[in-house]
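Being a predicted model, the structure only gives us computed values, none of them experimental.
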Amino acid sequence: MTPSQIALVQESFAKVGPISDQAAVIFYNRLFEVAPQVRAMFPEDLTEQRKKLMATLALVVNGLSNLPAILPAASALAKRHVGYGAKPEHYPIVGSALLWTLEKGLGAAWTPDVADAWTAAYGTLSGFMIAEAYGKAQAAE
C-alpha cells in the first residue's frame, strides 16, 4: 500500500465512525445475504460481534501506517477464525461485503481511489491472514 492509499483508508474510515453501529449491521446483513452458509459460525445475538468488528477494523485501519505493529494481532485473529470454521474461500466473500458496506455508508465519498485503497488494504491483510492460518500456498490461490 502506498502512503496515499493508507491516508485514504484512514480518512474514509473516520467518516464511518459516527455510523459504526449501523455500518456493522449493514455488513452482517450483507454477508449473510451473499453467504448464508456462514451464518452458523456466528452467535444468534450479534451485538458483541458487531462491536468487535468495528473495534478490530479501527485497530487495523489506525495501524496501517505501522503494519508490523498490527501483524501479530492479525495473525492471532486469523488462527482463531480457523477454530470458528473460517476457510480461505470465505475471505473474498467477507471482503466483498466490507467494500459493499463502505460504499453504502460513504455514499459520494466512495470514490474510485478510495475503493482502490480499501481493496489494497483488505487484500494485504487477508493475504497475510490466510498465509498465517492456512499456510503460504493457500494465500497464493
Side-chain angles (χ1 to χ4, degrees), residues 1-134 136-141:
M1 292 188 69
T2 67
S4 63
Q5 286 178 316
I6 291 169
L8 282 172
V9 168
Q10 290 173 335
E11 290 163 10
S12 61
F13 190 71
K15 294 175 185 171
V16 175
I19 60 160
S20 63
D21 292 338
Q22 182 184 359
V25 168
I26 292 168
F27 168 79
Y28 283 109
N29 286 347
R30 178 65 174 179
L31 179 62
F32 301 148
E33 176 186 326
V34 298
Q37 70 276 17
V38 303
R39 181 61 181 99
M41 292 185 218
F42 294 88
E44 193 61 38
D45 181 355
L46 291 171
T47 304
E48 286 304 310
Q49 185 66 35
R50 290 191 297 260
K51 290 177 187 172
K52 288 179 187 177
L53 169 71
M54 297 312 291
T56 301
L57 279 173
L59 176 74
V60 169
V61 166
N62 292 330
L64 286 175
S65 301
N66 184 11
L67 208 49
I70 62 169
L71 293 181
S75 175
L77 181 64
K79 291 171 184 171
R80 280 196 311 273
H81 277 80
V82 173
Y84 305 143
K87 305 221 177 304
E89 59 267 22
H90 293 138
Y91 282 79
I93 297 166
V94 168
S96 175
L98 175 63
L99 295 177
W100 187 89
T101 300
L102 290 164
E103 180 180 2
K104 298 300 172 209
L106 292 170
W110 183 256
T111 65
D113 287 343
V114 171
D116 289 346
W118 273 98
T119 299
Y122 187 79
T124 298
L125 264 298
S126 66
F128 172 79
M129 291 174 70
I130 292 167
E132 288 293 294
Y134 308 100
K136 299 214 183 305
Q138 289 290 326
E141 291 180 4

(Q) When you measure from the side chain of S75 to the backbone of L71, do you find a donor-acceptor pair of N or O atoms at a distance under 3.5 Å? (A) no
Q. Minimum heavy-atom separation for A133 to A78, with atom names?
A. CB-O, 3.6 Å
Q: Taking the side chain as every heavy atom from C-beta outward, state whether L125 and L64 have any atom pair closer than 4.5 Å.
A: yes
(Q) Just verifying a value: how many Å separate Y134 OH and E89 CD, rounded to the nearest 0.5 Å? (A) 8.0 Å
Q. Can you tell me if Y122 uses its side chain to pair, donor with acceptor, with the backbone of Y91 under 3.5 Å?
A. yes
Q | Q5 side chain reached by V9 side chain, heavy atoms, under 4.5 Å | A | no
Q. Between the side chain of R39 and the main-chain N/O of E44, is any donor-acceptor distance below 3.5 Å?
A. yes
(Q) If I compare all heavy atoms of Q10 with all of V61, which pair ends up nearest, and what's the gap? (A) NE2-O, 2.9 Å
Q) Is there a side-chain contact between F32 and L46, using heavy atoms and a 4.5 Å cut-off? A) yes
**Q.** Rounded distance [0.5 Å steps], OG in S12 versus CD in E103
**A.** 12.5 Å
Q) Within the distance-only criterion (no hydrogens, no angle test), does the side chain of S96 pair as donor or acceptor with the backbone N or O of P92 below 3.5 angstrom? A) no
Q. Taking side chain as C-beta onward, heavy atoms only, is L8 less than 4.5 Å from W118?
A. no
Q: Report the distance from atom NE2 of H90 to atom CG of L31, rounding to the nearest 0.5 Å.
A: 9.0 Å
Q: Might you point out which heavy atoms bring P18 and A14 nearest each other, and give the distance in Å?
A: CD-O, 3.5 Å
Q: Determine, stepwise, if the pair D21 / R50 fulfils side-chain contact (heavy atoms from CB on, under 4.5 Å).
A: CA-CA 7 Å; D21 292 338; R50 290 191 297 260; over 6 Å; no
Q | Non-hydrogen atoms of I93 and A35 that approach each other most closely | A | CG2-CB, 3.6 Å
Q | Close side-chain approach of V16 to M54, heavy-atom, < 4.5 Å | A | yes
Q.
I need the L77 CG to K52 NZ distance, nearest 0.5 Å.
A. 10.5 Å
Q. At what distance, to the nearest 0.5 angstrom, does CG of L53 lie from CZ of F27?
A. 5.5 Å
Q: Could you tell me which non-hydrogen atom of P36 sits nearest to which non-hydrogen atom of V34, and how far apart they are?
A: CD-C, 3.6 Å
Q. Are any of the side-chain heavy atoms of V94 and V38 separated by less than 4.5 Å?
A. no
(Q) I need the minimum non-hydrogen distance between M41 and G85, along with the two atoms involved. (A) CE-O, 3.6 Å
(Q) So does A76 get a backbone contact from the side chain of E132, meaning a donor-acceptor N/O pair under 3.5 Å? (A) no
Q. Side chains of N66 and I70: closer than 4.5 Å at any heavy-atom pair?
A. no
Q | Validation row: M1, L67 side chains within 4.5 angstrom (heavy atoms) | A | no
Q | Mutual orientation of the aromatic rings belonging to Y28 and F42 [parallel < 30°, tilted 30-60°, perpendicular > 60°] | A | perpendicular
Q: Measure the spacing between CG of N62 and CG of L57 and express it to the nearest 0.5 Å.
A: 10.5 Å
Q) After noting the C-alpha distance and the side-chain angles of T111 and D113, does the key distance pass the side chain to side chain donor-acceptor pair (under 3.5 Å) rule? A) CA-CA 5 Å; T111 65; D113 287 343; 5.3 Å; no
